[in-house]
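Below you'll find the structure, written out as structure tokens, and then a few comments.
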Amino acid sequence: MIACENVSFAYDGVVVLSDLSFNINKGDYVCVVGENGSGKSTLIKGILGLKSPIKGSIAFEGMDKRDIGYLPQSAQMSSDFPSSVNEAVLSGRLNSMGKRAFFDKKDKQEAKKAMELMDIYDIRGKSFGELSGGQRQRVLLARALCSAKKLLVLDEPAAALDPKASYEMYQLVKRINDEMGITILMVSHDCRSAIEFASHILHLGRTRYFYGLKEDYIESDIGKNYLCIWGCEHHVH
Amino acid sequence: MFINAIQEIFSHAFMVRALITGLFISVTAAVVGVSLVLKRYSMIGDGLSHVGFGALAVSTALGFAPLAVAVPVVIIAAFFLLRLSNSAKLKGDAAIALISTASLAIGVLAVSLSGTNADLNSYLFGSIIAVSKPDMYLSVALSVIVGAIYVVLYNRIFSVTFDEEFTTATGANTGAYNMLIAISTAITVVLGMRVMGALLISSLIIFPCLTAMRVFKTYKGVMLCSCVLAAFTFFAGLVASFMLKTPTGATIVLVNLVAYLVFYAVGKLRAGVLR
């Protein structure tokens with residue numbers, strides 16, 4: 001579905017990722033792990049077309065940008081923006097509108113379904129800016145669900161959440177992957193969730209990369225090393 | 001007695017022209033202003049008004065039709081300022097300040113060099129007598145066009161304003177919407193300058209949204225409230241300025257300030273009650 005070939009990214013001439021190649025297939029659950037500054041978010045931005053690679057190519061097969069749902073890092077949103085929960089979630093249906101000017105019944109139904117799944121339908125009239133971090137994250141995930149037809153991209157979905165809420169978030173993402181057949185590409189600090197839920201791991205190290213099945217990652221040197229640092233080895237089995 | 005006063009005011013043809021022109025422009029400015037304020041582009045509106053002043057002054061001095069020159073010049077400036085404020089490398093706000101003061105200086109020089117019937121005061125602070133019939137028709141027509149664009153693209157403009165990255169990532173051409181916002185702002189600024197003047201037009205853009213945001217917390221609420229506020233404050237300011245013989249533009253800005261303070265208090269009270 002997504003083919004990355006020898007892509008490199010740079011900020012102001014400093015290369016942050018070089019010669020990375022991998023393929024994501026339909027239905028995969030790919031978790032991107034690695035230290036801070038290893039280029040995880042940069043790669044996500046590249047795949048979403050928000051940043052151009054200096055080298056290599058990223059190609060979509062059997063999908064285009066309008067099939068993507070995206071959950072950005074929550075920190076970017078301003079809290080005084082006037083928007084109801086409903087307005088924010090509905091805006092995820094924009095890429096299904098084609099040439100229509102306004103949302104129709106189906107758009108509103110899809111938004112309702114997404115809000116019910118995220119358990120935010122009761123607060124749909126509330127102001128987005130007045131919500132807690134966890135609630136906001138649910139709203140943005142509902143919006144991402146509305147726009148995701150084939151691929152859901154999540155950048156640190158649990159960064160602002162407490163442990164219980166983040167575990168629920170990961171379970172929800174897994175359900176979306178299983179029940180709706182939506183491909184998942186997720187950046188995460190949390191290697192436990194990566195090991196528990198993902199089908200594939202993309203590890204971005206400073207000097208080397210790993211891409212492959214989770215099972216192979218656990219057995220690899222780079223994987224053993226990383227999981228050991230984070231004290232996750234006992235979660236493996 | 002109040003009704004009589006209103007009737008007397010609008011028995012003057014120029015006041016009727018000012019009212020119609022001003023109502024259309026102020027509501028359009030409010031609509032455009034919501035996206036500018038929320039995208040943190042308020043300074044662009046202000047910068048454009050100074051560019052507009054320079055363009056109007058120069059074109060008048062050279063004997064061209066003022067609006068025909070000013071509208072395209074300000075649209076080009078809008079493209080430019082938008083690009084500047086989007087680039088992280090250049091100091092966007094400093095560049096905007098530079099362009100706006102330079103335009104202001106060029107305008108003042110053009111007015112003083114030409115020295116004929118051009119009145120510096122009316123450019124800078126607006127003049128309701130300056131609104132001619134063709135001005136009125138043009139203002140109404142362009143306001144209706146800009147308004148229609150904002151209605152048709154309402155949901156898209158919301159999304160671009162709320163979260164530009166998400167909107168780009170999921171397949172929309174956000175660059176085009178940003179340009180559209182810039183062009184609409186440019187048109188509104190140039191038209192509004194006739195009534196409000198270069199120094200006060202940006203208040204028509206910024207005040208209604210900021211005021212509405214004190215009380216309303218949804219996008220639709222802020223949008224509708226801004227439009228009503230813009231129409232009301234313009235009308236109240238126009239009538240007050242006629243009765244008190246004060247400058248129109250400044251009076252309208254003061255009415256807007258009072259409305260802001262009232263909404264601020266209401267917002268605070270409400271938050272207190274809810275807590």
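Labels below follow one simple rule: chain letters A, B, ... track the order of the sequence lines, proteins then strands, and each chain is numbered from 1. Keep in mind that this is a model prediction, so the values were computed, not measured.
Using a 4.5 Å cut-off between non-hydrogen atoms, no part of residues 138-150 of chain B approaches chain A.
Considering every non-hydrogen atom in both B/Thr218 and A/Glu87, the closest pair reads CB-OE1, 3.6 Å. A pairwise comparison of heavy atoms in B/Met213 and A/Asp80 identifies CE-O, 3.4 Å as the closest pair. Across B/Leu38 and A/Pro82, no two heavy atoms sit closer than the pair CD2-CD, 3.4 Å. Taking both residues in full, the closest heavy atoms of B/Thr170 and A/Ile68 are given as CG2-O, 3.2 Å, listed atom of the first, atom of the second, then distance. Closest non-hydrogen pair, B/Lys217 versus A/Ser127, comes out as CB-CB, 3.5 Å.
To the nearest 0.5 Å, atoms NZ (A/Lys45) and OG1 (B/Thr168) are separated by 11.5 Å. Rounding to the nearest 0.5 angstrom, the gap separating the OG atom in A/Ser91 from the CZ atom in B/Phe166 is 6.0 Å. Atoms CG and OH, from A/Asn86 and B/Tyr219 in turn, are 15.0 Å apart once rounded to the nearest 0.5 Å.
Counting heavy atoms of neighbouring residues, nucleotides and ligands inside a 6.0 Å radius, atom NZ of B/Lys220 does not exceed 12 of them. Within 6.0 Å of atom CD in A/Glu5, 12 or fewer heavy atoms from other residues, nucleotides or ligands are found, so the atom counts as exposed in its surroundings. Crowding of A/Lys126 atom NZ: a count of heavy atoms from other residues, nucleotides or ligands under 6.0 Å not exceeding 12. In A/Phe22, the CZ atom is crowded: over 12 heavy atoms of neighbouring residues, nucleotides or ligands sit closer than 6.0 Å. Dense packing is recorded around CZ of A/Phe60, with more than 12 heavy atoms of other residues, nucleotides or ligands lying under 6.0 Å away. Counted within 6.0 Å of CZ on B/Arg40, heavy atoms from surrounding residues, nucleotides or ligands total 12 or fewer; the atom is thus considered open.
Most heavy-atom pairs under 4.5 Å with chain A, from the set B/Asn155, B/Thr161, B/Val152: that is B/Asn155. Between chain B and the residues A/Ala148, A/Ala144, A/Ser84, A/Gly49, the largest count of heavy-atom pairs under 4.5 Å involves A/Ser84. Contact tally against chain B (heavy-atom pairs below 4.5 Å) for A/Gly129, A/Ala88, A/Gly69: the top residue is A/Ala88.
Relative orientation of the A/Phe81 and B/Phe158 rings is perpendicular, given thresholds of 30° and 60° on the angle between their planes.
Between the side chain of B/Glu165 and the main chain of A/Leu50, no donor-acceptor pair closer than 3.5 Å is present.
Interface remark: B/Val37 contributes no atoms to any contact with chain A (heavy atom separation under 4.5 Å). Using a 4.5 Å cut-off between heavy atoms, A/Ser83 contacts chain B through both its backbone and its side chain. For A/Arg93, no part sits under 4.5 Å from any heavy atom of chain B, backbone or side chain.
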